[in-house]
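Everything on this sheet refers to the single structure shown next.
Both ligands and their constituent atoms are indexed starting at 1 by order of listing.
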Amino acid sequence: MKEIHFEKIDGSGMKIGVVVARWNSAVTYALRDACLRALADAGVEENTIIVQEVPGSYEVVFGAKHLIEHNAVDAVVAIGCLIKGETMHFEYIADAVSHGLMKLNVETDVPVVFGVLTCLTEQQAIDRSTGENNHGYAWGQSAIEMAMIKKSRKR
Ligand code: DLZ
């Protein structure tokens with residue numbers, strides 16, 4: 001058996017894209033900040049991080065595609081926060097965004113981390129974007145780990 005496991009999340013020399021939706025910005029900016037902390041902790045240089053803002057979660061797919069195609073990033077974290085309302089809007093956007101980001105993972109050679117909270121209540125979003133449970137940190141680490149897999153290729 002060959003088990004591949006990186007001992008250390010090492011982002012040195014990497015260029016990472018972060019796409020952030022402005023809808024529910026109190027939540028998405030907190031997620032972004034935790035993500036940026038994870039990148040810094042892993043040794044990614046500040047000047048090799050590109051943060052692209054987009055209006056809402058629906059737009060994170062295009063934002064991620066843009067960073068992949070025009071900024072030669074090693075990985076992207078796509079951050080948004082959908083909170084369910086009274087209509088079907090939540091379901092349609094959540095479905096479109098999850099499929100759109102998945103498609104980028106399959107069709108491009110750049111890993112894209114799914115950083116979109118899909119919450120039933122505002123409290124669920126707050127709980128997942130603050131303190132020890134701020135998911136943004138793990139998303140930053142995930143982006144680096146996935147980029148490390150790509151960089152580990154012999155050819
Ligand atoms: C329109 C809308 C609504 C109602 N709710 C959210 C939300 O909870 N989270 C989010 O990120 N974006 C929301 N949007 C905006 C859409 O994502 C998108 O920006 C617009 O439909 C324009 O394409």
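The pair E91-K84 meets the salt-bridge criterion, with a side-chain N (NZ, NE, NH1 or NH2) lying under 4.0 Å from an Asp/Glu carboxylate O. Ion pairing between a basic and an acidic side chain is recognised when a charged N comes within 4.0 Å of a carboxylate O; D74 and K151 show such pairing. Ion pairing of R153 with D109 is present here, as a side-chain N (NZ or NE/NH1/NH2) and a carboxylate O approach within less than 4.0 Å.
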Below 3.5 Å, can you tabulate the donor-acceptor pairs from side chains in residues 115-123 to any protein atom, sequence neighbours excluded?
unit_1	atom_1	unit_2	atom_2	d
T121	OG1	Q124	N	3.1
Q123	NE2	D127	OD1	2.8

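With a 4.5 Å cut-off between side-chain heavy atoms of Ile, Leu, Val, Met, Phe, Trp and Tyr, the cluster of M102 takes in V106. The other members of the hydrophobic cluster of Y92, by chain and number, are M88 (side-chain heavy atoms under 4.5 Å, ILVMFWY only).
A heavy-atom cutoff of 4.0 Å around ligand 1 is satisfied by the protein residues W23, N24, G56, S57, Y58, E59, C81, L82, I83, H89, I93.
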